[in-house]
Every structure is written in structure tokens, then in C-alpha cells.
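Note that the structure is a prediction, hence the values are computed from the model and not measured.
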Amino acid sequence: MKAEDLTNIIKSDFYTGVPDSQLKALCDYLMLTYGIDSSHHIIAANEGNAVAIAAGYHLATGKIPVVYLQNSGEGNMINPAVSLCSESVYAIPCIFVIGWRGEPQADDEPQHAAQGKMTLQILQEMGISSYIIDKKTSAEQVRDCMVSFRKKLAKGLMTAFVIRKGALTYDGKADYVNSNILIREEIIERILRYSGNDPVLSTTGKTSRELFEIRERNGQQHSCDFLTVGSMGHCSSIALGIALQKPDMKIWCIDGDGAALMHLGSLTVIADRKPENLIHIIINNGAHESVGGQPTVAGNIKLADIACSCGYPKTCTVFTMEELDQALEEAREGGSLMLIEVMSRIGSREDLGRPFVSTLDNKKNFMDHMKKQ
């Protein structure tokens, strides 16, 4: 089904959400149609943020908003969906478009398996009627579904289209670029020159995939690294938990701008505790690159300035490899919490693979490594 057909059937003029690779066709259509014009389309920091923005749109206009997300984001959307939009509270109607990762019997990454099994059940428990769209679903079938959905929406209820892999298509192509010169994979490789055998935690998506492949290419062990393959936005909090318990170890956290924005409040907690052994690096390409390259607001702000305002004792933003070397040297030799924001290009190798070490083995090897240090 074409993404533009779905939007024509839904007939909403406001979309907000968090991009997903399963919804790339829809995301590209929205970007090429609206861009990120605040009156029609907003890419939110997280899924709960999107639900609240959508609620505000409805309160202001009386019209029906659409929230798009990957099913892993259902956890973030539950609170505002249930305690704000629910028919037993404010009865704010909303249409969700949800990419179904980890669908039972489908081949997918381990972090999606549990969420995939729960996806429809979670919607049911929240009182959200759902309809599954796959490659064979026709526009006429979706129109028929919308007749039923509109009756529910008129009563202040929420509804959802759950999108299977490959169900949506779009002939247009949105290109996402920026003017930065550094390449993320080269940034990560440079970080590893300074981290040595110290524990390294990497954020969700291509960052962890590239870290794994760099270790393979260099013939290095993976036991130093904890790959945060799920729980987007929480890598820095995991690193904080480790840093506080291992004060004699340098802990390196390689974060991303989309992940940092998703749970920005974690910066305040890290800054409050000020672990002297934590080095927090945010690779900022201003994009949700792992799911298609759609922009984040980090392209227009300085995350290092936010961290400084939160109370990080040392922060910097770097644009060149020479500046990065200087910052990494200072972080390695220094004795205080430091945040390094590295401005990066959008893009990765087309042949980028995925980690072949299981998540359970990654955990065990990482914990064993820390015990030996």
C-alpha cells in the first residue's frame, strides 16, 4: 500500500512521532510533503512527547491527530495515552501508526522479540482498537476500517494501524545530509584508541553495529563493550550505574543525538552525581540515521551547552579530528565527568553488518571483563 494512500484515507493534517525504519515510506512522504513544518508535522523527542503534542493539537483544533512510532516506543506512549487521552480521563481521540518489529514468526533482532509478542496485547489493554496492514492489504480494506475507526474516534477513543514489514511503499526519496565532515565510524575508531581496555557502552542502532565491526576488523575482543541494542535513550544511564559502582575504572559512553534527546532528563541526574570516571560522548549528526536519516532537533542546538547548564563540569563541541583528539586526551587524563559532543556527517557503509555475539554472551563477557580489571 502506498504511504500517500494511507494518509489520504486517514484525512488528518497533523502528524507527530518518532521515525521507524518500518515506517520509512510514511516518514519520507511526510518529510517531502510537509518537511518539519510545525503546523503539520513534528518529529518528537520520544513517543510520550508525541502523544502529548497530539493531545494539544486536538484541544486547539478539535481535529484528529496521528502519532507514528515503532512498537518499541509503546512503553513511552503508555502514560499519556492512558492517563491523558483515555476515555475515562479527557477522551482525546488519536490515530496511531505503529511499525511492528519483532512480529512472532518474523526474523528480527533480539531486542524486538519480547515487544513484538506484546504489541497487540498492549494496545488491547489500553483500549486501543487496532488493524493490521500487510503487503496484501488494499486501500479499500483500509477505507472500510476507517469507517469503523471514525465512529470510535468520534467518541474520544484511540485507534491504531499496525504496520507489518514492507506493507507501506513510497516512490519519492528524501535525502538527508548535513555539512559536518567527520564520519561516525571513524569517530568511534578514534575513541577506541584512547579507551584501551576500559569498559565502553554504545547506544542503540548503527553506533553499536559499527563498534562491533571495528573490533572485528582490528582483531580485538568484544568483552570491553556493552552494546545497548534496545532501550533507546538509556545508554548513558546504564553507564552512570556502572560508573558509580566502579569508581576506579574509566567508563566510556558513546551516545547519539536522537538517543540523548529521547531521555534528556538523564543528563540532569548524571550531572548531579558527577562521577569523575565517566566520559560521555554524544555523536551528533542531527538525524535518526539508524531508521532512515530523518532530522532531530539536535541539528539546531548544542547538546554540550545543555549538559553544561545541567552541571557537567567539563563540556565541549568538536568538529575536526584534531579537536576530537585533544578532547579525548583531556578526558582520558582528566579526573572529572566530561561530555564531548562530536558533530558528524549523516551516512554509513552500505555493507554494515550486525553483531553476531548474542546479547546474553555480550552481557556475560562484559561483566567478566570488568571483574578482571
Side-chain angles (χ1 to χ4, degrees), residues 18-19 21 24 27 31 36 43 45 174-195 200-215 217-218 225 227-229 232-233 235-236 239 252-264 266-267 279-308 312 314-332 338-354:
V18 177
S21 57
K24 188 175 186 302
C27 293
M31 284 300 301
I36 45 176
I43 296 177
D175 292 321
Y176 304 105
V177 297
N178 62 36
S179 60
N180 298 322
I181 60 174
L182 295 181
I183 298 170
R184 185 182 53 249
E185 190 164 359
E186 294 176 356
I187 294 167
I188 296 170
E189 189 151 23
R190 189 59 62 99
I191 292 168
L192 297 185
R193 293 186 189 180
Y194 289 86
S195 65
V200 176
L201 295 93
S202 56
T203 191
T204 311
K206 290 186 177 180
T207 299
S208 284
R209 292 166 62 184
E210 288 171 344
L211 172 59
F212 188 89
E213 293 217 339
I214 290 168
R215 294 291 197 193
R217 186 166 63 240
N218 294 343
D225 309 327
L227 311 179
T228 313
V229 296
M232 182 174 170
C235 180
S236 62
W252 301 71
C253 172
I254 306 177
D255 213 344
D257 58 294
L261 290 167
M262 183 164 279
H263 295 293
L264 198 59
S266 61
L267 294 182
I279 301 166
H280 188 180
I281 302 164
I282 300 177
I283 300 177
N284 182 359
N285 62 5
H288 286 287
E289 189 185 333
S290 293
V291 293
Q294 301 84 1
T296 72
V297 296
N300 302 319
I301 61 177
K302 286 291 181 287
L303 292 170
D305 290 349
I306 294 174
C308 181
Y312 275 65
K314 289 185 178 182
T315 65
C316 64
T317 301
V318 302
F319 296 86
T320 67
M321 199 61 77
E322 291 75 17
E323 292 173 342
L324 178 59
D325 280 332
Q326 183 178 349
L328 292 172
E329 178 71 24
E330 180 182 353
R332 182 178 64 182
M338 184 171 182
L339 182 135
I340 304 170
E341 179 182 20
V342 189
M343 305 308 292
S344 169
R345 284 167 52 183
I346 298 173
S348 63
R349 290 184 288 111
E350 291 186 3
D351 62 346
L352 181 62
R354 295 182 181 274

Subject >> Worked verdict on W252 versus I281 for side chain to side chain contact (heavy atoms under 4.5 Å, CB included) >> reply: CA-CA 8 Å; W252 301 71; I281 302 164; 3.9 Å; yes
Subject >> Main-chain N/O of L227 paired with D225 side-chain donor or acceptor, under 3.5 Å >> reply: no
Original post:
How would you list, by chain and number, every residue that makes a salt bridge (charged side-chain N to carboxylate O under 4.0 Å, His left out) with E329, sequence neighbours excluded?
Top reply: R332
Original post:
Run the side chain to side chain contact (heavy atoms under 4.5 Å, CB included) check on L261 and L303 step by step: do they pass?
Top reply: CA-CA 9 Å; L261 290 167; L303 292 170; 4.0 Å; yes
Subject >> Sole candidate of I340, L328, I283 that passes side chain to side chain contact (heavy atoms under 4.5 Å, CB included) when paired with I187 >> reply: I283
**OP:** Under the side chain to side chain contact (heavy atoms under 4.5 Å, CB included) rule, what do I43 and M31 come out as? Steps first, then yes or no, please.
**Re:** CA-CA 10 Å; I43 296 177; M31 284 300 301; 4.2 Å; yes
Original post:
Has the side chain of N180 got a donor or acceptor atom that lies under 3.5 Å from a matching backbone atom of L182?
Top reply: no
Subject >> ring-ring contact (aromatic ring centres under 6.0 Å, His included) involving F212 - partner list, sequence neighbours excluded >> reply: H222, F356
Original post:
Under 6.0 Å from the CD1 atom of I301, do we count more than 12 heavy atoms belonging to anything else shown?
Top reply: yes
**OP:** Could you walk me through whether N178 and M343 pass side chain to side chain contact (heavy atoms under 4.5 Å, CB included), step by step?
**Re:** CA-CA 10 Å; N178 62 36; M343 305 308 292; over 6 Å; no
Subject >> Check: T204 side chain, T228 main-chain N or O, donor-acceptor pair, under 3.5 Å >> reply: yes
Subject >> Atom pair CG (D255) and OG (S266), whose distance is rounded to the nearest 0.5 Å >> reply: 7.5 Å
**OP:** Kindly indicate whether the side chain of V318, heavy atoms from C-beta on, has any atom under 4.5 Å from the side chain of E341.
**Re:** no
**OP:** List for me each residue that meets salt bridge (charged side-chain N to carboxylate O under 4.0 Å, His left out) alongside E289, sequence neighbours excluded, and say none if there are none.
**Re:** R184, K206
Original post:
Taking N284 for the side chain and A298 for the main chain, is one N or O donor matched with an acceptor at less than 3.5 Å?
Top reply: yes
